[in-house]
Number of protein chains: 2
Amino acid sequence: MNTDYSKQGLKQTEARSAVVMILGNSNGPLDVAGIKEELEKLDLKVDQATVYRILNTFHEKGIVKRIEIGEGKYRYEIEKEHHHHLVCTNCGKIEDIEIDLSDDFDREVFKKKGFRVESHSLEFFGVCELCQK
Amino acid sequence: MNTDYSKQGLKQTEARSAVVMILGNSNGPLDVAGIKEELEKLDLKVDQATVYRILNTFHEKGIVKRIEIGEGKYRYEIEKEHHHHLVCTNCGKIEDIEIDLSDDFDREVFKKKGFRVESHSLEFFGVCELCQK
DNA sequence: ATTGTTGCAAAAGCTTTGCACCAGC
DNA sequence: GCTGGTGCAAAGCTTTTGCAACAAT
């Protein structure tokens, strides 16, 4: 769980380590309220402004990824191997899925529109396995 | 520009017709501020609460689609043939693109996770043709 | 006449900011 | 000691809500 802070010009603080750990142990992307809850479970009192600042800093440095799934707010997750999300419209669960959007798509986009793709986000909405029963 | 309101139990009002027309004539998804600007150009004074209520109603009825592209707010567009978006990280322009995410992806998701896909959203981020020059 | 729609004003939810103080390096 | 991080309180922005008046069917 050692994010090389110094390389990025960042200082290591209790709050930052905790946020990295919390996101690392979560099985889905967390919103700020969720992160604050976990911090409280660890008996860490961290101001909301600080949480937002930590997340913004981490986002700029590429340590966390910011995602939106139609809730009108952000969720955050550790930046890891690129993946996509399955959002259950029944229970709200968010699962990761690793499927490969091949480079063919980027090439197709470039060919059709002259647009140079640098990244993408892909979310699936539907019904998770449990909610189908 | 005739959305069959009555079938949906909706009443036809000036504000609603204007919103449909504005979104129909826009070349990219608009946020609420943008819609209000267009309404003002038409000399229509429509309260922001009303704009939000119109958009929410239209969204529920499947008349408009709500999208998020990492801005912390919603944008709206007329629900038409399914397509995706190219978001230029330099100038902010949002283009539509029609590429086909084949059903193979839905099948792959179901096979891997038992998740029944109903819809998806896919956005590409990168540099548009003009901004490359 | 009924029912849905709007305006107004207030509030709610998420996120940011200014500033003084404090901690990591 | 310097630089950057934090807490606190206030504000900013987007979106929602209650209620009374109004308009469409």
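Order of the sequence lines fixes the chain letters, A, B, ..., with proteins taken first and strands second; residue numbering starts at 1 for each chain.
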Find the distance [X]:[atom1] to [N]:[atom2] and express it as a whole number of Å.
X        : N       : atom1 : atom2 : answer
Leu44(B) : dT5(C)  : CG    : P     : 18 Å
Phe58(A) : dG4(D)  : CZ    : C1'   : 14 Å
Tyr74(A) : dT15(C) : OH    : P     : 7 Å
Leu30(A) : dC14(C) : CG    : C1'   : 16 Å
Gln48(A) : dC14(C) : CD    : P     : 10 Å
Gln8(B)  : dT5(C)  : CD    : C1'   : 16 Å
Glu14(A) : dG5(D)  : CD    : P     : 16 Å
Glu60(A) : dG4(D)  : CD    : C1'   : 14 Å

[N] OP1/OP2 closer than 4.0 Å to side-chain N/O of [X]:
X        : N       : value
Tyr52(A) : dT15(C) : yes
Arg53(A) : dT6(D)  : no
Asn56(A) : dT16(C) : yes

**Q.** Test: Glu38(B) and Lys41(B) ion pair at under 4.0 Å
**A.**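 Salt bridge between Glu38(B) and Lys41(B), a charged N being under 4.0 Å from a carboxylate O: yes.
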
Q | Residue met sooner reading DNA chain C from 5', once Val51(B) and Gly9(B) are mapped to nucleotides | A |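 Here Gly9(B) is the residue nearer the 5' end.
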
Q: With the side chain counted from C-beta on, respond yes when Leu42(A) and Met21(A) share a heavy-atom pair under 4.5 Å apart, and no when they do not.
A: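 Yes, at least one pair of side-chain atoms sits under 4.5 Å.
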
Q.
What I'd like to find out is whether the side chain of Leu130(A) reaches to under 4.5 Å of the side chain of Asn90(A), using heavy atoms alone.
A.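 No - every pair of side-chain heavy atoms lies 4.5 Å or more apart.
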
Q. Where the side chain of Val32(A) is defined as all heavy atoms beyond and including C-beta, which of dT15(C), dA24(D), dG7(D) is the nearest nucleotide?
A. dT15(C)

Q. Want to settle it: does Thr13(B) or Asp47(B) sit nearer the 5' end of DNA chain D, counting the closest nucleotide to each?
A. Asp47(B)

(Q) Taking the nucleotide of DNA chain D with the nearest heavy atom to each, does Tyr76(B) or Ile54(A) sit closer to the 5' end? (A) Ile54(A)

Q. Between Arg116(A) and Phe110(A), is NZ or CZ placed under 6.0 angstrom from the six-membered ring centre and within 45° of the ring axis?
A. yes

Q: For side-chain hydrogen bond (donor to acceptor under 3.5 Å, both in side chains), just list the numbers for His120(A) and His85(B), CA-CA rounded to whole Å, side-chain angles, deciding distance to a tenth of an Å, and then say yes or no.
A: CA-CA 10 Å; His120(A) 67 260; His85(B) 296 105; over 6 Å; no

Q.
By the 4.0 Å heavy-atom rule, please label Ala33(A) as base, sugar-phosphate, or nothing.
A. nothing

Q.
Taking donor-acceptor contacts at under 3.5 Å, does the side chain of Lys73(B) reach the base of dT15(D)?
A. no

